[in-house]
Amino acid sequence: MKTICVLGLGYVGLPTAVMFASIGHRVTGVDTNHSILKALNNGRVHISEPGVEAMVLTAMRAGNLVVRNAPCACDVFILAVPTPVTEERRADLGDMCAAAASVVPYLKRGDLVVLESTVPPETTRSILAPILERSGMKAGADFYVAYAPERVLPGSILAELVGNDRVIGGVTEQSGLLAKELYEGFVKGRISVVDATTAEMVKVAENTFRNVNVALANELALLGEKIGVDVWEVIRLANKHPRVDILNPGPGVGGHCIPLDPWFLVEKAPEGTPLIQTAQAVNQLMPFHVLELLRRETAGVEDPEVTIFGVTYKGNVDDVRESPALAILRQVLKDGFGVRLFDPHVANLAEFQAMLTDFESAVCGSHCILVLADHKEFANLDVSRVAGLVKKKLVIDTRNCLDHAAWRSCGFRIVLLGKGDQWR
Ligand code: SAJ
């Protein structure tokens with residue numbers, strides 16, 4: 001059993017903390033957000049991730065998890081804090097540096113410090129380790145430092161924390177092996193041990209691969225509309241090739257990872273990353289393209305009303321960070337549309353709260369239903385309940401997630417992102 005301090009109780013830190021607590025370690029969860037700590041101490045969890053709340057309650061009742069706003073002396077310190085991107089598209093490592101500095105007073109010989117946050121390659125060795133060496137000790141010799149990135153999908157985080165293979169990198173081989181031994185306590189996937197910089201590069205490469213792949217799908221979608229094919233059919237059939245796996249087009253790339261992490265590689269070599277920068281430009285084009293579709297399909301309509309299905313960055317999550325749907329929503333409002341939102345996964349939406357409503361209310365009087373997130377609930381909506389409520393029977397589906405036959409049977413015209421007029 002070890003004492004473990006997890007700094008940052010977000011989508012990655014909190015599940016990681018409860019996972020270590022569940023196997024008998026004594027875990028101290030640290031976060032600077034007092035409302036998060038208050039909620040946790042009242043048995044409520046601020047992230048909607050299946051299974052986490054139950055594990056938090058069990059761990060707290062067992063005394064294996066306490067939460068507080070500052071670290072304490074422990075054997076292991078895990079940093080899982082946000083690493084956003086600045087306006088200049090450079091990694092903002094402020095939270096990581098602050099978390100590392102807060103650990104220094106408690107660091108003792110033989111301790112292990114693990115960074116989980118996604119960072120530009122060379123961060124662990126050139127920024128984190130020197131901060132920790134303010135303790136007067138040598139990283140990799142007197143104490144150990146490793147990089148252990150997450151690769152978990154929101155909605156399945158706990159299962160993936162256990163089942164997925166993992167890469168871990170140390171500032172020394174011993175550091176990496178010690179971190180591997182720690183994570184083997186719950187990771188059933190294969191853990192590969194490399195150096196810290198290689199592990200950092202692996203993580204950013206994974207998310208950059210997804211970003212570039214989605215950009216290809218988006219570019220194929222724009223081509224599909226232009227040359228009159230259904231890109232979804234094209235991708236479905238192309239992926240039957242045993243070595244082809246093209247992802248899906250959409251209204252843009254959101255979330256706090258996939259659109260941001262590629263900038264960590266651009267930062268290292270602005271002149272040497274033309275493909276990554278072009279992919280970012282293609283993905284950033286998609287919200288504007290969706291707006292063009294909406295304006296084209298509602299041209300000439302007096303006082304247009306649009307209903308947005310899904311404001312989150314993708315389907316079946318409650319997260320709106322970097323959501324392209326919000327960018328589209330803001331522009332649609334500027335264009336003078338009336339807007340109502342239907343998103344069964346979102347309860348609070350700050351300045352747009354008043355627009356959030358239920359299915360029927362959201363489509364009542366609508367000139368266009370614009371689908372921007374592929375929530376599972378949208379696949380089998382009872383169209384007959386709303387067919388008579390809309391002013392115009394029009395759907396623009398940017399996720400290909402509605403039952404188009406059901407909507408067409410109630411008289412709706414479906415405009416599908418990436419599908420040109422095949423019989424023009
Ligand atoms: N997207 C498409 N088409 C696709 C796939 C994704 O347009 O075919 C869009 C989504 O709509 C979304 C964005 O890309 O806007 C990113 O979605 P994603 O599913 O590719 O990835 P995320 O953002 O959910 O990435 C998460 C991250 N982990 C956490 O947030 C805890 C990331 O670090 C993980 O590597 C990733 O899951 C994963 O899949 O493992």
Side-chain angles (χ1 to χ4, degrees), residues 8-16 19 47-50 52 80-85 116-119 148-161 163-167 189 199-200 202-222 231-232 235-236 238-239 244-262 264 279-280 282-287 289-290 309-328 343 345 371-376 378 397-401 417-418:
L9 299 177
Y11 284 86
V12 177
L14 185 58
T16 300
M19 200 54 84
I47 56 171
S48 73
E49 183 60 37
V52 171
V81 294
T83 49
V85 170
E116 288 209 3
S117 310
T118 306
V119 291
E150 53 80 15
R151 49 172 69 141
V152 291
L153 186 68
S156 322
I157 290 180
L158 291 176
E160 294 209 348
L161 273 177
N164 285 357
D165 290 354
R166 202 154 179 159
V167 64
E200 290 164 331
V202 166
K203 175 59 189 174
V204 186
E206 289 167 1
N207 286 358
T208 301
F209 165 75
R210 286 186 69 79
N211 183 293
V212 173
N213 190 326
V214 173
L216 171 62
N218 284 330
E219 188 150 283
L220 293 174
L222 299 177
V231 77
W232 301 86
I235 291 172
R236 183 180 68 82
N239 284 348
V244 171
D245 180 19
I246 304 171
L247 291 174
N248 292 323
V253 171
H256 60 297
C257 296
I258 308 302
L260 304 182
D261 295 354
F264 295 171
Q280 290 281 52
V282 170
N283 290 333
Q284 287 162 2
L285 193 66
M286 295 315 287
H289 179 67
V290 171
F309 280 9
V311 292
T312 54
Y313 78 88
K314 70 175 190 179
N316 307 319
V317 299
D318 67 344
D319 197 343
V320 295
R321 286 177 292 182
E322 304 291 325
S323 171
L326 287 188
I328 292 167
D343 190 320
H345 288 255
V371 185
L372 296 178
D374 47 341
H375 293 316
K376 61 187 180 306
F378 294 165
D397 187 351
T398 71
R399 298 288 190 170
N400 197 17
C401 66
L417 175 74

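All ligand and atom numbering here is 1-based and tracks the order in the structure.
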Answer yes if the side chains of Asn211 and Asp261 hold a donor-acceptor pair under 3.5 Å, and no otherwise.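 There is no such pair (donor and acceptor under 3.5 Å, judged by atom type) between the side chains of Asn211 and Asp261.
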Show me a pair-per-line table, with atom names and distances to 0.1 Å, of protein N or O atoms that are under 3.5 Å from an N or O of ligand 1.
| residue | atom | partner | partner atom | Å |
| --- | --- | --- | --- | --- |
| ligand 1 | 3 (N) | Asn248 | O | 2.7 |
| ligand 1 | 8 (O) | Asn248 | N | 2.8 |
| ligand 1 | 8 (O) | Asn248 | O | 3.4 |
| ligand 1 | 11 (O) | Tyr313 | O | 3.3 |
| ligand 1 | 11 (O) | Arg399 | NH1 | 2.8 |
| ligand 1 | 11 (O) | Arg399 | NH2 | 3.1 |
| ligand 1 | 15 (O) | Gly254 | N | 2.8 |
| ligand 1 | 15 (O) | Tyr313 | O | 2.6 |
| ligand 1 | 19 (O) | Lys314 | NZ | 2.8 |
| ligand 1 | 20 (O) | Arg210 | NE | 2.7 |
| ligand 1 | 20 (O) | Arg210 | NH2 | 3.0 |
| ligand 1 | 24 (O) | Tyr313 | OH | 2.9 |
| ligand 1 | 24 (O) | Lys314 | NZ | 2.8 |
| ligand 1 | 28 (N) | Val152 | O | 2.9 |
| ligand 1 | 33 (O) | Glu150 | OE2 | 2.9 |
| ligand 1 | 33 (O) | Lys203 | NZ | 2.9 |
| ligand 1 | 33 (O) | Asn207 | ND2 | 3.3 |
| ligand 1 | 35 (O) | Lys203 | NZ | 3.1 |
| ligand 1 | 35 (O) | Asn207 | OD1 | 2.9 |
| ligand 1 | 37 (O) | Val152 | O | 3.2 |

When you look at Arg151 and Val202, which way does the side chain to side chain contact (heavy atoms under 4.5 Å, CB included) test go after all the steps? CA-CA 11 Å; Arg151 49 172 69 141; Val202 166; 3.8 Å; yes
Applying the side-chain contact (heavy atoms from CB on, under 4.5 Å) test to Pro249, which of Ile235, Thr398, Val214 qualifies?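 Among Ile235, Thr398, Val214, the one that satisfies the side-chain contact (heavy atoms from CB on, under 4.5 Å) with Pro249 is Ile235.
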Run through Pro259, Pro251, Pro154 and flag the one making a side-chain contact (heavy atoms from CB on, under 4.5 Å) with Tyr313.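 Exactly one candidate clears the test, Pro154.
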Counting neighbours of CD on Glu219 that are heavy atoms of other residues, nucleotides or ligands and sit closer than 6.0 Å, is the number greater than 12?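 Open: at most 12 neighbouring heavy atoms sit under 6.0 Å from CD of Glu219.
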Below 4.0 angstrom, N of the basic side chain to O of the carboxylate: do Glu150 and Arg166 qualify?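 No.
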